[in-house]
Amino acid sequence: MLKLEDLLRKALLAAIEQYGVFEEDVDIVLEKPRESGHGDLSTNLALTLGGRLGRKPRELAGEIAAAVSLPREIIASVEIAGPGFINFRIAREHQIDRLLALLRSDGSLAAIKTGGGKRINVEFISANPTGPLNVVSARAGAFGMTLANLLDAIGFDAHAEYYVNDAGRQIKLLGRSLRAHYLQLAGRPVEFPENGYKGRYLEIMAAELLAKDSKAIQEAGAAFDDESFQRIELPCGDAATWGELPEDEAVGCFAKYALMKILGWQRETCRRFGLRFETWYFESELHETRRIERALERLKKQGAVYEQEDAVWFRSTDFGDEKDRVLVRSDGMPTYFLADIAYHYHKFQRGFEHAIDFWGPDHHGYIPRMQGAMKALGVPEGWLEIQILQQVTFLEDGRILDMSKRKGQFVTMDALMDEVGADVAKFLFLTRKPNSHLDFDLDLARQQSDVNPVLKVKYAHARSCSLLKNAAERGVEVGEPTAESLSHLEDESAWAVARELVRLPQVIVSAATSREPHRLTGYALEIATLYNQFYNQCKRILDQDPARRLALLHLSVVTGHVLRKVAELIGIEMPEAMEKRD
RNA sequence: GCGCCCGUAGCUCAGUUGGAUAGAGCAGCGGACUUCUAAUCCGCAGGCCGCAGGUUCGAAUCCUGCCGGGCGCGCCA
């Protein structure tokens, strides 16, 4: 695909030299016209050039079209149309080559690997470890993972990362909350902490701890066997004795236990959702390795810091923020902001050439100060890229669900997967672009019916598989598609599928570079629709004469391959058969 | 009040980074099952692309100003 565009660009450049226009003067845009009647590729070159040269675009287009020289076996026709578009129609032989190139390991999907193996860090979800993962994290999960997959697909080395805020007030509050639940269950009067976590999960956790005690602790700890979680350590002793400890110490033990349990849940939820994080980065590590102080020192050295009213401030107004921000509170505690600076600075030091963060819309006001801090630390402009994922509103019975964690009334990511399945959820999240709000109607998603676009895609895939299976059962030798077999592709509906299939490399590149993974789902749906149309149009493929039959079967081979490729990027299953529904 | 995001069919949203006659799904109406799996397909109807200016060959897309909605504006995280 890209090679073809280069060829056209070169030819067009040669054709416009006569007007004294050279490569550096123009940006030649080639795109697939919306209407297939307008050819396979189109350029607006004459339109943009017309104004500059003081010529009528349509006339100019005619001249350029006449001057452009292209090999016949690649470009079948060059036409001018509309106000001055130049439209190219790709020769059948070359379209077939492109279809075949999709299947080759050194083909068009290899050609888009232009990232040079550069390491890119993609951080997403990073929810507080104070409860089970909330559904609002699911969208970030789907986007982050798919973007990481896309970056890998274009030749980068993407590194999915989860930041764990396992230090600070929230954790203390978590410990106090669990302790209160535990003591209450043990029949001891205790005041529940203000703003404490009241979710059922903590009551259950407390009950389990009360019933099984050290055994529960051992079990929770045993869940962490891999490297990322070596920081997780068992709390001292057993729960029965924690109640006797001074409150501060007891809180520490309860907090450790709660953290261990909750991280276990969160990790399991991510696994179930198909999210593979290469690193779980713990905030506590930043404290232990003194990176927080070191980041502060560095900011001080740059003169970006001052003291006022016992607190330490970052001069973020120097970097376009609306006010300066506190780094160290007057009680001597570093703020979340400072820890986050240290974390991102360390991310930079770890050798990533680029970092992408996915944040919720409630954090957008945080961007200027974070970017300001990176700049102050000498991190190159643009190194940190922050993507804001807009809000998801969940609807049930036509009403908006309140997702507040604190009130203990929330829908978990696990509940979502129980209800609609991971694939449906992922696909639906990825049908909207990142910066538009998403209404997720649970009643609708629960229906395993045709309102679910993902099923349409899966069905199209299963259909292509069953067609091939039936062919085999009838003794038809299918084998691999070749230029010869596909040369018998005649049906217009089949070519409509083919033309869409060969766009795959471009779709991947554009989805990756624009950070808009939702283009993948749209593409998959388009393929499914076109394939269904084709399937309806070309009745009884297996009863056709052998040459045509083989061409259509081979088109199905490529279709299946492309759908699986997209599914792999999105992280969903593509079944070979669907259960028959009556 | 200031900042960010959004405003496209009755509903939920796409719109290939400024292109040709603005699309899809659902809902509505009418068709196609002696089926290679109908979870499908075909047709009809549905639009002031929030409003008003501007930029240019050309704007749903870019700029400005309004209107409407969401979110944010802590020594919280």
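The structure displayed is predicted, hence computed values, not measured ones. Sequence lines set the chain letters: A, B, ... in the order given, protein chains first and strands last, and positions in each chain run from 1.
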Centre-to-centre under 6.0 Å for A:Y531 and A:H461, is that the case here?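 When the ring centroids of A:Y531 and A:H461 are compared, they turn out to be at least 6.0 Å apart.
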
Does the ring centre of A:Y162 sit less than 6.0 Å away from the ring centre of A:F124?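 Not close enough - the centres of the two rings lie 6.0 Å or further apart.
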
For [N], does the base pair up with any side-chain atom of [X] as donor and acceptor (N or O, under 3.5 Å, distance only)?
X	N	value
A:N44	B:G19	yes
A:T431	B:A14	no
A:H518	B:A14	no
A:R34	B:U16	yes
A:T335	B:C75	no
A:H364	B:G3	yes

So, is B:U21 syn or anti if syn means the angle is within 90° of 0?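 Chi for B:U21 falls in the anti range.
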
Any base atoms under 4.0 Å from [X], or only sugar-phosphate, or nothing? Heavy atoms, all strands.
X	value
A:A577	base
A:K433	sugar-phosphate
A:N435	sugar-phosphate
A:P361	sugar-phosphate
A:C465	nothing
A:N87	base
A:A81	base
A:E309	base
A:Y535	base
A:S436	sugar-phosphate
A:K458	nothing
A:M578	base

If we take the [atom1] atom in both [N] and [M], what is their distance in whole Å?
N	M	atom1	value
B:G70	B:C63	P	24 Å
B:C57	B:G25	P	38 Å
B:A22	B:G58	C1'	15 Å

With a 4.0 Å cut-off, would you call [X] and [Y] a salt bridge?
X	Y	result
A:R499	A:E492	yes
A:R474	A:D543	yes
A:K426	A:E573	no
A:K469	A:E576	no
A:R89	A:E79	no
A:K347	A:D357	yes

Less than 4.0 angstrom between a side-chain N/O of [X] and OP1 or OP2 of [N], yes or no?
X	N	value
A:R329	B:A77	yes
A:R169	B:C76	yes
A:Q533	B:C42	yes

With respect to the side chain of [X], which nucleotide from [options] is positioned closest?
X	options	answer
A:P33	B:A20, B:U12, B:U40	B:A20
A:W313	B:U17, B:C75, B:C71	B:C75
A:K32	B:C75, B:U16, B:C71	B:U16
A:K456	B:C57, B:U40, B:G70	B:U40
A:K323	B:U40, B:G19, B:C75	B:C75

Quick one: do A:Y163 and A:F282 satisfy ring pair (Phe, Tyr, Trp, His ring centres under 6.0 Å)? Show the steps, please. CA-CA 6 Å; A:Y163 178 58; A:F282 287 79; 9.2 Å; no

Full working for side-chain hydrogen bond (donor to acceptor under 3.5 Å, both in side chains) between A:H554 and A:S485: CA-CA 8 Å; A:H554 280 169; A:S485 69; 2.7 Å; yes

Of residues 551-561 of chain A, the positions that come close to RNA chain B - non-hydrogen atoms, cut-off under 4.0 Å: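 Result for residues 551-561 of chain A: none.
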
Compute both the distance and the angle, then confirm whether A:R291 meets the cation-pi test with A:Y343: under 6.0 Å from the six-membered ring centre, within 45 degrees of the axis.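 Output no; distance or angle outside limits.
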
List the steps, then state whether salt bridge (Lys or Arg N to Asp or Glu O under 4.0 Å) holds for A:R329 with A:D310. CA-CA 8 Å; A:R329 294 195 292 257; A:D310 296 330; over 6 Å; no

Give RNA chain B the dot-bracket treatment, 5' to 3': Watson-Crick (N1-N3 with N6-O4 or O6-N4) or G-U (N1-O2, O6-N3) under 3.5 Å, [ ] crossing, | other strand. (((((((..((((.....[...)))).(((((.......))))).....(((((..]....))))))))))))....

